[in-house]
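Presented below is the structure to which this report refers.
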Amino acid sequence: MALEDLCGLQALGGSLRGSLRGLTPDLGPMGSPRDKRRGRYAGDVPLSSTASVLSFSVPVGRYLDRSPIDFGQMAPDSAPTPDASRWSAGGPGGPDSAPGAGPDPAPGVVPLPFPMAHGTTTLGFLFQGGVLAAADTRSSCSGLVACPASRKVVPLHRHLLALGSGTSADITLWRRILARELRLYQLRHGRRLTTGGAAKLLALMLHPFKGTELCVAATLCGWDGGGALYYVCSDGKRLQGELFSVGSGSPYAYSVLDEEVRWGLSAEQAVRAGREAVYRASRRDAYSGNCVDVFLVTARGWSRRPREDLGEEYYREEERLAEGLRRRREEKEGLRRRREEEVHSLPTKT
Amino acid sequence: MISAQSFGENGKMKDYHHTGPVEYRFSPYTFNGGTVLAVAGEDFAIVASDTRLSEGYSIHSRDSPKCYKLTDTTVIGCSGFHGDCLTLTKIIDARLKMYKHSNNKMMTSGAIAAMLSTILYGRRFFPYYVYNIIGGLDEHGKGAVYSFDPVGSYQRDTYKAGGSASAMLQPLLDNQIGFKNMTGVEHVPLSKDKAVQLVKDVFISAAERDVYTGDALQICLITKEGVKKEMITLRRD
């Protein structure tokens, strides 16, 4: 219901009633054995057998089978049994990420005429003072900077931040859906989902879209009794960890973070480490840059450092290096001159 | 006119001549050209577009403006595939009416932007090939510009150019309105007349260098008095 409620996705797959008829039989508190047989896995969300509050269904299964034009999806094979090993290991991708599919992609699979907004550096890590999240602000679109001031770190609630990486539209909408589902959970159950629970919810909601061109790689940084960091990807990954960096600039960020990040960092040191990592990634990665956002999540909630433009930082660093070089040269010069004077001041021997 | 895309041997889309097998397939999309621009000021907003409708090497029409008035305080500019532009504006109009009848008030610019984002994302897997820019006044009477990508990602800006000449115009606007990459310049806020003149100059430059932009320029000036339209001729070659 989440996506179709929000966006009217039912327009694609025919009427909601018709597509749901086979999927959500009227249930009492106990599910009947019929459901287990009927729940197909070809992209349909398996239903919870109790019509519980978490039962959300996205009628994507219908659409994947019947749409006249499939955009960016893997070739829907004639074989009826869904087989996980059929999908290529490249994660969400279009026809060009299935090299084994042969020279001609399946009929009806048409590439989009425009590129999507992509490319980023986001990072998050745990330390004794909470969870630090940092990201650049460049949103690029096949060589053009679509937006130099986008927001990749967005709070979902007082103690949870979502770092988005991937296609901008997917990130925005799925973050909205997740925020809504978290709020509904809180209202229905009287308590907040943990960060891990939120990550699991997002992973489950993204599951029907596995194999499509959806590209969402979110890092959830939250505080629920202690810092927590989860990485959720639209290809199905859901990982817990202490340090994550996502995006095209992540290799550069990782090298800085691996050097600097320790559990015992102070908040100021952690902010500096995060900022430095994003700065280095912006310098080396073409698709990252512009400004840096740094957020910190503690027991008291999230707080942010004002957005800083890294364009000038490059020149300041050049100046600092030039200054250091100049000073070293002067020292060497001074040393040389002193030595010469010593030699000259020695009494000449005849 | 049937729109076709050419595909090379690995199924990837091609749009240039080359030696090698090329397959032509029906494509539901085509690019009809056109440039749209929006600027937000202190108490006004401007949405401007050229009026050329082209396809490939032909010009279908010289009088097809791309600005559509939604409410007294909001104008949308749509460029890209004209068929999707028409349908999208029809859907937006219908949703505006529905909102007005159920909520007894007009939608604000911000609300229209949020609604458009979900309309576009509802077609995530068969998108509207339209680059939208909404210009209008927000609830406090200040100028607002919202720019979209074809699948619904949006952001509020001060100025934005979209369409075929966007890559040429955006850096110019960054410099003239955003004062980027200039040192020792006083950041004066943009006045209405200066903004309109800037938009005219910028489109004249675009018409010089972009083949899909030209013929005429339609400027919609949105103030608290309403929406005022103005037409200026551009190069017709």
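These numbers come from a predicted model, not from an experiment. Just the heavy atoms: all of them, side chains too, but no hydrogens, waters or symmetry mates, feed the values below.
Counting all heavy atoms, side chain and backbone alike, A/Leu173 lies closest to B/Gly152 at CD2-O, 4.4 Å. The shortest non-hydrogen separation linking A/Ala149 to B/Gln155 is O-NE2, 2.8 Å.
The closest side-chain heavy-atom distance from A/Thr212 to B/Arg124 is not below 4.5 Å.
The local environment of NZ in B/Lys142 is sparse, with at most 12 non-hydrogen atoms from other residues, nucleotides or ligands closer than 6.0 Å. In B/Arg209, the CZ atom is not crowded: 12 or fewer heavy atoms of neighbouring residues, nucleotides or ligands sit closer than 6.0 Å.
For A/Cys291, the side-chain contact (heavy atoms from CB on, under 4.5 Å) partners at least two apart in sequence or on another chain are A/Thr137, A/Arg307, A/Asp309.
Among pairs with a residue in residues 166-177 of chain B, those fulfilling side-chain hydrogen bond (donor to acceptor under 3.5 Å, both in side chains) read B/Tyr159-B/Asp174, at least two apart in sequence or across chains.
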